[in-house]
Amino acid sequence: MTTTKHRVGEHLRDQGVSRRAFLKFCTASASLMALPPGLIPAMAAALEQARRPSVIWLSFQECTGCTESLTRSHAPTVEDLILEMISLDYHHTLQAAAGEAAEAAREQAMKDNFGKYLLIVDGSLPGPDANPGYSTIAGVSNYAMLMEAVEGAAAVIAVGTCAAFGGLPEAAPNPTGAVAVMDLIKNKPLVNVSGCPPVPMVITGVLAHYLAFGRLPERDAYHRPLAFFGQSIHDRCYRRPFYDKGLFAETFDDEGARAGWCLYRLGCKGPSTYNACATMRWNAGTSWPIEAGHPCLGCSEPRFWDAGSFYAPLSVPTDLSSSRILTAGAAGALVGGTVATLARRTVATAATSRQPVTADELEQTL
Amino acid sequence: MTTIADPMGFLLFTKGPLFNIAIAIFALGLAARLAEILLLGRRPNFAEPRAGEWLPGLRTVVTRTLPDPGTFKRAPFNVLTGLIWHVGFLVALLLFIPHIELIKGLFGVSWPGLPNPFVDLVTAVTLVALAATLVHRLTHPVKKRLSTIEDYLIWAVTFLVVLTGYLAYNRLINPYPLALGLHILTAELFLILLPFTKLTHIFTVFIARWYNGASFGRRGVQS
Amino acid sequence: MSALSSIPVRVQSVSHGTANCGNAVPILHEVRHALERLIATGEGTQIDLNAIPFGPEDEAHLLAVLGVGEVRATIDALGPTHVQETAIPGVWLIDYRITEDQRLALHLDIGDIPEILRTQRQDLDTALTTLDARLTRAQGGAQFES
Amino acid sequence: MSPIANPVVNPEATAFNLERGLAAFRAEIDGPVAAFFSSCVHCGICAQSCPFYLETGDPKYTPILKLEPLRLVWESEFTLWGKIKGALGLQQRVTDAMLAEWEELIYDSCSMCGRCSMVCPVGNDIQAMVRKSREGMVAAGHAPEGLAGAAVRAVKTGSPMGLQWKTLQVQIEHVQTSSGLTVPVDQAGVDYLVMLSSMEVINFPEYLEAITKIFDHAGVTWTLSTQCFEATNAGIQIGNKDIAALLVERVVDAAVTLGVKNVISPECGHAYTAIRWEGPNLIGRRYPFRVFHIIEVMDQLRAQGRITTAGKELDRLSLHDPCNLARKSGVIQQQRNLMDLVAEQFVELPEHGRFQWCCGAGGGVSSNERAEPLKLAAFKRKKAQIEAVEPERMVTMCATCRTQLEEGLEHFNMDIPVVGLTELIADHLVDKEEPT
């Protein structure tokens, strides 16, 4: 991997990237970051001067889907360019080195760039109180490795819903005691790029932002970059006009489904899901789940595995049980019946023990 | 985590455990209340009836929904605001598609809904009418005299249910899980309070009207 | 579950009419405002169509309304970039693509001429040296490659 | 269930007290009461149906508010929630002072006209609950003196006004002389036993002559009973089922003694509801005879073609429906059929039939001297109705209503005479002399 002394502009020029190409790259990056096109010149100037950071990528309890998403992203040139701009010093799936050599590279990069490197994590990890044996790398528990690596990190990027929120490993009953990265890291700048997997351009967009502006982007309550997670799927959905008109598909094969109507009734979690799918799309911008006719699962939200059926509408409670209602109703009828029976007895007693009024008694009051 | 820091956690709490608690309290409380009423029953009536009880009772259940012309003329504001918000509330409750899905999920029955913008408009009107009823309650001497803390509590809960629903639909509170969670939370509060307050009238009104209609009907008067 | 083959598959085209073009019209209004601003102040506007929630037919509808104008240019840098003037003077469509012909970004540029078409000022620094070098070689009768 | 004298009456002790009252309230609570109180939303619409509120503007006269003691007994002793509140010390209780304050609301400002029961949006039968509340009020010693006096006189003398048979006897002889007809007394096995009200005998003696003529004309067999002639029931008005049952038993006994098929309630509102609707339940058994209001009987005779009239009243007549007869007993069309026989120009009051307005004197208000000002205030509602149609005469069929209309119209210097419908019919029977 190349030296980190270079500034991005010089580095790219050395790679034979022209000014127009650079401008085009900045345009693409701005589009990724959902920045207004008017900011492109300022961004170009900043990127020109940016330094290439060292990046350490740790993969814990994950499925490699996030890495797949990134490496199979539709714009290899741009991805290449962004990856050119960083120095990816450790990624145990992608790097050529293996075994002790790989771990040595990690140790070395951490030492050389202490306080300056960017730490990227995908996957959740067994928490400090859980059995560390559930997930180890080179005999080191995920927890120990994360805490060691975070020490010298300038910022942390949690990629994917597992790293961001615990994801599938953390779903009930959470056998491994999985926790999210943000549960463990409180004193470093952290950004969550959630999604299962995240939109690849969002990962690179966050990197580009970090490169261009030297800091993490603005984030929401869940530390997600607002540029990508600031609006819900529902708000950016091209099918929104159908929702507003009250036109819904009710099965996957009805007229409404064929006409591309809103998928709310088929369980779409778009209204409560914040992500960039609706504008960035997937597979080279070809399409995205809702355009393909499937409701949004809400994969970029916390606990989406435990939020009830993917196919139950958002308004339906997560843990429905009509027998529970019936039981409560029966218990209520029993209680009410008891109260009423006692009350009837009260009335009967009052009626029989009631002292009849006589004219003599009334006369006494006159 | 707090509501603000974990809106999705809040939403899932209101949609999960809290919903179960609320619906259980509601079912238990309401069943108890209805049992209290129905088991008390009526004493035998030995007077020769002029007419039956069932049909006049059922007729009164329906007819009392609208006032007689004289009452309407004497209290048009009270009658109109009351009618408007009740109709609006029922339309929003029963004909908004997400609510229909909820009922379908709970009981397996469903019916056609209304277009969302229409329900939205109805909801806005309902909010205005509800606000008007509060003003009326605070200013009209009779209502002022009748009103108890419970009346204002119930008004507040009802208003909040509609308001949070309106805000959630129009996405005026962000993030949306917080907005939806607040709406569900207020609805659950409504459900929990229902059997123990005058909100019970939602169910007992049918019994009360029937008893009234039956009693008058027996004497040959359409009440 | 029954066998997959038992699920009847019908392919049919559904005519959406204008139902799926609901998001094109607001963009056209935005273009109109940008044009008014250009005429009044000379200030240009870029609209990133990737940031707009478009349905399958929104884009086609938008482009059909804008039409095709006189100028068409292609820039060969980091893959092709197609610049097309629309039938509305001052409204340009810029389609940024990579070598595999996949789209990076699609912009509407409301202005006199898109920035990417202009000669880059920084490149002028090397203009004279490049030309001088080529002159020298020309005088030496050398052959050129672009 | 005739009243049983309490064997351990201590003459020193106060006969009525709070606990006795609460027991009486308790004994009145049933499913409808629970449903009604569960359903009230404090909308205040009932106030718009109450002449006492409308004409005084005082919100304390709101009908549902009059039921607060009964409601508190229900809430604290008949609901789970009330019991929980009670355990927490949050439940308000009925006190003697409260009942003292409520006496005016339950008696003086309520004629039990039932209009509130007719308009309540949730269907609360408020009037029925006022009737129930009066049971508790009597037992707690909070009944108005005027009503207690009437009840005592009714039980002890047979008439709330202390009227004796011998007074009636004089009137009977007068009727026989003036009409040349016989007024049958104690005739066993006839079709109808005719009951009277003391107020009618004293204020409107023409009624007896009128029915004598009508029944003669229609060929109806009927009788008066020396055993019991009084149809009114002071027990119903004060709101005590023991007294009321005792008075009903007297009527039943008289009817059974004579073996009549039918009993006719006179031109009196509450007498009819007392004997027609409450009576069988007060005594706990069905009657061996049927009960009709005189208006019902006349309309039946009319329908059978047994009443032939000639000529019509030419002036503008309007009709006051007694609450007890119309709204509370369903006799609404009958009086209109009869009016059509004899009235050339009959105009309805703006709100009539089941939605008519009370004259303000019913429900014991007229027997309660203290309530005089409220009674007059409530009449203003009727007065406004009458003014709206400007009749030359009013027709009604209840002695209490008639007295109230006469007094009220006179008070407001309105020269509109009030006549009883029975007399009006009697005046137009064919083959009879011109009325004097």
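Naming convention: chains lettered A, B, ... in sequence-line order (proteins, then strands); numbering from 1 in each chain. Bear in mind that the values here come from a model prediction, so they are computed numbers and not experimental data.
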Point to revise | Distance-minimising heavy-atom pair for D/P59 and B/P141 | key: CB-O, 3.6 Å
Practice item. Could you tell me whether the side chain of B/H201 and the main chain of D/C40 form a donor-acceptor pair under 3.5 Å? Key: no
Check your understanding: For B/P67, is it the side chain, the backbone, both, or neither that has a heavy atom closer than 4.5 Å to a heavy atom of chain D?
Key -> neither
Exercise for review: Would you mind telling me which of D/Y61, D/W357, D/Y287 has the largest number of heavy-atom pairs within less than 4.5 Å of chain B?
Suggested key: D/W357
Point to revise | Winner by heavy-atom pair count (cut-off under 4.5 Å) against chain D, out of B/H140, B/K143, B/H136 | key: B/K143
Check your understanding: Any sub-3.5 Å donor-acceptor pair from B/E48's side-chain atoms to D/R290's backbone N or O?
Key -> no
**Study point:** B/R219 and D/T273: CA distance, side-chain angles, deciding distance, side-chain contact (heavy atoms from CB on, under 4.5 Å) verdict
**Key:** CA-CA 10 Å; B/R219 288 175 278 156; D/T273 47; 5.8 Å; no
Check your understanding: Where on B/S215 is there a heavy atom nearer than 4.5 Å to chain D: the side chain, the backbone, both, or neither?
Key -> side chain
Review point. Relative to chain B, which segment of D/A128 carries a heavy atom at a distance below 4.5 Å: side chain, backbone, both, or neither?
Key: neither
**Study point:** Side chain proximity check, D/H42 to B/E150, heavy atoms < 4.5 angstrom
**Key:** no
Check your understanding: Judged by atom type as modelled, is there a donor-acceptor pair below 3.5 Å linking the side chain of B/R64 to the main-chain atoms of D/C120?
Key -> yes
**Study point:** Interface residue of largest heavy-atom contact number with chain B, from D/G82, D/G279, D/C43, under 4.5 Å
**Key:** D/C43
Review point. Side chain, backbone, both or neither: which part of D/E351 has a heavy atom under 4.5 Å from chain B?
Key: side chain
Exercise for review: Sort out for me which of B/I202, B/T71, B/L38, B/D151 touches chain D most, counting heavy-atom pairs under 4.5 Å.
Suggested key: B/D151
Exercise for review: Name the option with the most non-hydrogen atom pairs under 4.5 Å to chain B; the candidates are D/G353, D/P350, D/S329, D/A47.
Suggested key: D/S329
Exercise for review: Run the numbers on D/T62 and B/R145 for side-chain contact (heavy atoms from CB on, under 4.5 Å), then give the verdict.
Suggested key: CA-CA 9 Å; D/T62 301; B/R145 170 77 184 237; 5.6 Å; no
Review point. What closest approach, in Å, do D/Q48 and B/A75 show between heavy atoms, and which atom pair accounts for it?
Key: CG-CB, 3.7 Å
Exercise for review: Please flag which part of B/P69 lies under 4.5 Å from any non-hydrogen atom of chain D: side chain, backbone, both or neither.
Suggested key: neither
Check your understanding: Side chains of D/V331 and B/R50: closer than 4.5 Å at any heavy-atom pair?
Key -> yes
Review point. Quick one: what part of D/R354 sits under 4.5 Å from any heavy atom of chain B, side chain, backbone, both or neither?
Key: side chain
**Study point:** Main-chain N/O of D/V41 paired to B/K198 side chain as donor or acceptor, under 3.5 Å
**Key:** yes
Practice item. For the pair D/R285 (side chain) and B/F46 (backbone), establish whether a donor and an acceptor sit closer than 3.5 Å, ignoring hydrogens and angles. Key: no
**Study point:** Under 3.5 Å side-chain donor-acceptor pair for D/N281 and B/N45
**Key:** yes
Exercise for review: Please test D/S38 against B/R33 for side-chain contact (heavy atoms from CB on, under 4.5 Å), starting from the C-alpha separation and ending with a verdict.
Suggested key: CA-CA 9 Å; D/S38 296; B/R33 199 70 184 266; 3.4 Å; yes
Check your understanding: Highest number of heavy-atom pairs under 4.5 Å with chain B: which of D/P280, D/S49, D/G330?
Key -> D/P280
Point to revise | Residue pair B/T204 / D/S39, side-chain donor-acceptor N/O under 3.5 Å | key: yes
Review point. How about B/V142 and D/Y53: do any of their side-chain heavy atoms sit closer than 4.5 Å?
Key: yes
Exercise for review: Using a cut-off of under 4.5 Å on heavy-atom pairs, state which of B/G220, B/G41, B/S223 scores highest against chain D.
Suggested key: B/G41
Review point. For B/F118, does the CZ atom sit with more than 12 other heavy atoms under 6.0 Å from it, leaving out its own atoms?
Key: no
Check your understanding: Is there side-chain contact between B/R209 and D/N124, with at least one heavy-atom pair below 4.5 Å?
Key -> no
Practice item. State whether the number of non-hydrogen atoms from other residues, nucleotides or ligands found under 6.0 Å of B/F206 atom CZ is greater than 12. Key: no
Review point. Short question: side chain of D/D30, backbone of B/R42 - any donor-acceptor pair under 3.5 Å?
Key: no
Exercise for review: Tell me, out of D/G114, D/A326, D/G123, who's got the most heavy-atom pairs with chain B below 4.5 Å.
Suggested key: D/G123
Exercise for review: Answer yes or no: are there more than 12 heavy-atom neighbours, outside D/L88 itself, under 6.0 Å from its atom CG?
Suggested key: yes
Review point. Can you tell which of B/V221, B/V61, B/V79, B/N212 has the highest number of heavy-atom pairs within less than 4.5 Å of chain D?
Key: B/N212
Review point. When rounded to the nearest 0.5 angstrom, what is the spacing between CD1 in D/I29 and CG in B/L40?
Key: 8.0 Å
Review point. For chain B, which of D/F355, D/W81, D/W277 has the most heavy-atom pairs under 4.5 Å?
Key: D/W277
Exercise for review: Could you walk me through whether B/F216 and D/M118 pass the side-chain contact (heavy atoms from CB on, under 4.5 Å) test, one step at a time?
Suggested key: CA-CA 9 Å; B/F216 277 96; D/M118 194 61 59; 3.6 Å; yes
Practice item. Let me know if B/F196 has heavy atoms under 4.5 Å from chain D in its side chain, its backbone, both or neither. Key: both
Exercise for review: Could you tell me the separation between the CZ atom of D/F36 and the CD1 atom of B/I37, rounded to the nearest 0.5 Å?
Suggested key: 10.5 Å
